[in-house]
Amino acid sequence: MTESPPPVVEMRGISLAFPGVKALQDVDFRLFPGEVHALMGENGAGKSTLIKTLTGVHRPDGGQVVLGGDEVAFTSPGEAQHAGISTVYQEVNLCANLTVAENILLGREPRRFGGIDFPAMRKRAKEVLARIGVHIDPASSLGEHPIAVQQLVAIARAIAIDCRVLVLDEPTSSLDAGEVAELFRIMRVLRDEGVAILFVSHFLDQVYEISDRMTVLRNGALVGEHLTADVDRRTLIAQMIGRDLGALEAIEDAAEKRHPDGPVLVHASGLGRRGAIDPFDLEIRAGEVVGLAGLLGSGRTELARLLFGADRADSGRLLVDGAPLRLRGPRSAIAAGIAFSSEDRKGEGLVADLSIRDNLVLAMQAARGWTRPLPRRTKDQLVEKYLKALDIRPANPDALVRTLSGGNQQKVLLARWLVTEPRLLILDEPTRGIDIGAKAQIQQLVTTLAAEGTAVLFISAELEEVVRISDRIVVLRDRRKIAELDGSTTGVDEVVELIAGGAAPEKVVS
Amino acid sequence: MTTLAPRVPSRFLPVLATVALFVIAFGVGSARYDGFASGQVIANLFIDNAFLIVLAAGMTFVILSGGIDLSVGSVVALSTMVTASGLQAGWPVSLVIVAVLLIGSTLGLLMGLVIHKFDIQPFIVTLAGMFLARGLCFVISVESVSIKDRTFRDVATAAIRLPGGVTITYNVVIALLVVAAAMHVLHRTRFGRTVYAVGGSESSALLMGLPTTRVKVGVYVISGLCSSLAGLLFSLYMLSGYGLHAVGMELDAIAAVVIGGTLLAGGVGYVLGGLVGVLVLGTIQTLISFQGTLSSWWTKIVIGVLLLVFIAVQRTMVRR
């Protein structure tokens with residue numbers, strides 16, 4: 001890289017504390033025009049907090065933010081946007097009840113005669129969408145579109161203004177490979193136009209493919225700033241997690257050593273629901289990890305929801321311990337020892353405004369009924385046990401779940417189900433959007449659980465992970481079960497082949 | 001697959017259902033009673049409910065933003081009281097109008113600011129506002145004060161002739177103007193669309209850089225303004241001011257808005273829905289008075305049932 005122009009953003013000595021958590025401590029950060037800068041770190045390292053400090057959501061307790069040579073102190077995201085900082089957040093933060101065009105242009109829509117000029121707005125939205133290669137009706141409601149498309153709409157909103165700084169906080173976690181490639185193409189175009197792009201992703205491949213420079217954070221503190229070309233992966237990972245990375249390899253060994261031959265716990269025959277998933281047969285044994293592989297929208301979550309009773313099956317039957325079980329809803333599933341950790345941890349999993357302790361005991365208390373409250377001491381023991389077992393940070397049972405990072409929220413959600421000691425644990429994308437260290441911990445936990453006799457149904461978009469961890473792999477395509485493979489002898493390529501299966505892979509964007 | 005939108009977007013369905021309900025209710029009346037299907041009966045629906053139409057328009061803003069305003073009935077009463085006693089004291093009509101509108105919007109502003117600054121549920125703040133406004137009525141006078149002002153009475157009794165021998169009052173014209181203005185603001189301006197955004201997801205709206213504070217406070221100012229205007233219309237309708245006027249009217253307004261297809265959770269609905277909601281309520285009332293043998297409280301029973309049905313229908317639609 002040649003000599004750079006002065007940085008467009010310079011953050012010096014940023015510190016920020018939340019109740020019970022020191023989120024950022026004396027962090028420096030520079031962002032140059034015309035570069036893609038990756039912000040790296042584990043969950044809870046402070047990436048999102050640093051971003052929110054830059055974009056005016058949080059105000060730092062100390063330090064200064066300099067934008068284009070002037071010191072700034074944004075008090076709202078609106079001000080930051082006005083100054084040319086656009087942000088796309090990890091969770092889609094748009095309004096599903098409005099149209100696509102409104103979501104892109106609201107707050108800066110073309111106006112005429114004292115009102116919004118809707119035709120002009122739709123035209124402008126169409127242009128912006130076309131710039132990033134998305135062709136959907138701007139007048140349709142945002143809520144009608146799948147999450148991946150909503151994410152692209154969020155990006156369209158970010159680039160609809162002339163932004164100097166574009167912040168992408170894990171924009172790729174809900175996109176498929178083709179959409180990621182498309183996003184990278186757009187990012188390169190914007191970078192070449194001189195936009196400074198701040199990029200956060202847990203996929204190292206993506207980081208190495210797209211970024212020019214990176215800043216590494218750990219536990220709210222700065223570890224270092226490097227040119228991407230200067231750091232190899234091992235060094236980077238060591239910097240991020242601050243410890244050795246033998247854990248992942250150990251998991252694979254464990255998976256290969258296990259030979260589950262426990263009794264059949266759950267047997268589904270011809271179970272299906274029209275429009276969600278075609279009838280399928282599935283056997284899960286105690287102590288077995290069954291992986292579900294398939295593309296976004298292939299029916300992975302739908303299958304899991306049928307087993308949990310979250311949706312009612314309209315054909316087939318379900319045997320638990322050899323006896324037929326009619327699931328009238330999640331309650332009866334929970335009573336039968338089935339737990340379901342949702343992929344939508346924000347919407348369907350946790351109560352954000354309660355403490356870690358309260359979230360943990362929620363499911364257990366529900367199972368006991370309100371007439372038999374848990375004694376405080378039992379609660380404390382449970383909470384302490386799982387805080388430690390899952391390495392939840394901060395290890396403060398009274399911290400509000402809202403203030404935790406994504407990975408730690410996921411761990412709390414997991415812990416909540418583990419408290420009920422389920423016999424079948426369904427994990428829907430437990431590792432999405434979390435870093436490599438937490439991933440390893442969660443995978444480790446799954447193998448430990450299986451060794452103790454729990455049956456696990458493991459759903460993940462990351463095939464390596466599914467293949468590494470599963471005893472058996474069920475492959476889904478177009479809402480149909482198409483194959484069942486032995487996990488110990490199957491490789492990733494074989495699964496990819498099956499998923500691709502001759503037919504073109506499903507594409508969400510038309 | 002994403003480009004294939006249904007012919008009628010699902011967001012219009014609740015409003016269309018309400019329109020259908022109105023047509024059915026009116027059709028039943030026309031079939032059963034002579035003279036029901038006349039232009040004047042329709043005109044009377046508007047005349048007798050002009051104030052409610054205005055209230056519903058204001059309430060639509062609040063409910064769309066995800067809030068609720070329980071104070072509107074009391075503000076109507078307070079407005080009638082200020083109007084009647086002001087005129088009795090010999091104030092000019094224009095001054096009375098300005099004073100009333102100012103009081104209503106100031107009350108709304110105060111409630112909005114409290115809701116926003118202290119982050120308190122709108123329910124409780126506007127409940128407090130409801131008691132406050134109702135109490136203020138009796139500070140002015142515990143008796144009913146009749147309005148004898150000449151101009152005021154002239155406006156109240158003036159009839160506008162429409163083709164076909166149908167007459168309406170100025171109240172109706174004002175109410176329809178308010179609806180038109182509300183439709184423009186809500187559906188066609190940045191402020192209005194931000195109301196929808198805030199109702200859809202407040203945190204998203206904030207992250208999108210929208211002026212959520214202005215909107216959250218603004219809807220209560222608008223509702224307060226509409227309430228005081230409705231109070232003026234109510235004064236014209238009753239020609240008196242009284243602290244016990246419009247008891248429970250806030251609930252009629254909320255019912256009309258909800259029956260009109262506006263989601264209580266916020267973010268979904270139309271001004272026109274509230275108008276049709278009021279017409280449905282009015283039609284039921286008219287049906288029962290034509291029927292003759294039923295007491296007027298049957299109106300309440302029917303409204304109660306309708307409200308339940310509509311909320312249940314909305315619920316199932318949102319789930320899908």
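Residue numbers start from 1 in every chain, and the chains themselves are labelled A, B, ... in the order their sequence lines are given, proteins ahead of strands.
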What's the separation between atom [atom1] in [X] and atom [atom2] in [Y], rounded to the nearest 0.5 Å?
{"X": "A:L105", "Y": "B:R193", "atom1": "CG", "atom2": "CZ", "result": "13.0 Å"}
{"X": "A:L106", "Y": "B:S204", "atom1": "CG", "atom2": "OG", "result": "12.0 Å"}
{"X": "B:S201", "Y": "A:N97", "atom1": "OG", "atom2": "CG", "result": "8.5 Å"}

If you check every heavy atom in residues 109-126 of chain B against those of chain A, which residues fall under 4.5 Å?
none

Using non-hydrogen atoms only, which part of B:L207 is less than 4.5 Å away from chain A: side chain, backbone, both, or neither?
both

Is [X] close to chain B through its backbone or its side chain, or both, or neither, when contacts mean heavy atoms under 4.5 Å?
{"X": "A:A158", "value": "neither"}
{"X": "A:S76", "value": "neither"}
{"X": "A:E109", "value": "both"}

Results of salt bridge (Lys or Arg N to Asp or Glu O under 4.0 Å) for A:D314 - residues two or more places apart only:
none

Could you walk me through whether A:L94 and B:M208 pass the side chain to side chain contact (heavy atoms under 4.5 Å, CB included) check?
CA-CA 7 Å; A:L94 297 175; B:M208 283 163 81; 4.1 Å; yes

List the atom pairs, with distances to 0.1 Å, where a side-chain N or O of residues 218-228 of chain B and a protein N or O form a donor-acceptor pair under 3.5 Å, not counting sequence neighbours.
{"from": "B:S223", "atom 1": "OG", "to": "B:D69", "atom 2": "OD2", "distance (Å)": "2.7"}
{"from": "B:S227", "atom 1": "OG", "to": "B:S223", "atom 2": "O", "distance (Å)": "2.6"}
{"from": "B:S228", "atom 1": "OG", "to": "B:G224", "atom 2": "O", "distance (Å)": "3.2"}
{"from": "B:S228", "atom 1": "OG", "to": "B:L225", "atom 2": "O", "distance (Å)": "2.8"}

Tightest non-hydrogen contact, residues A:F118 and B:R188, listed as CD1-NH2, 3.6 Å

Give every donor-acceptor pair under 3.5 Å between a side-chain atom in residues 15-24 of chain B and any protein atom, sequence neighbours left out.
{"from": "B:T18", "atom 1": "OG1", "to": "B:P14", "atom 2": "O", "distance (Å)": "2.9"}
{"from": "B:T18", "atom 1": "OG1", "to": "B:I259", "atom 2": "O", "distance (Å)": "2.7"}

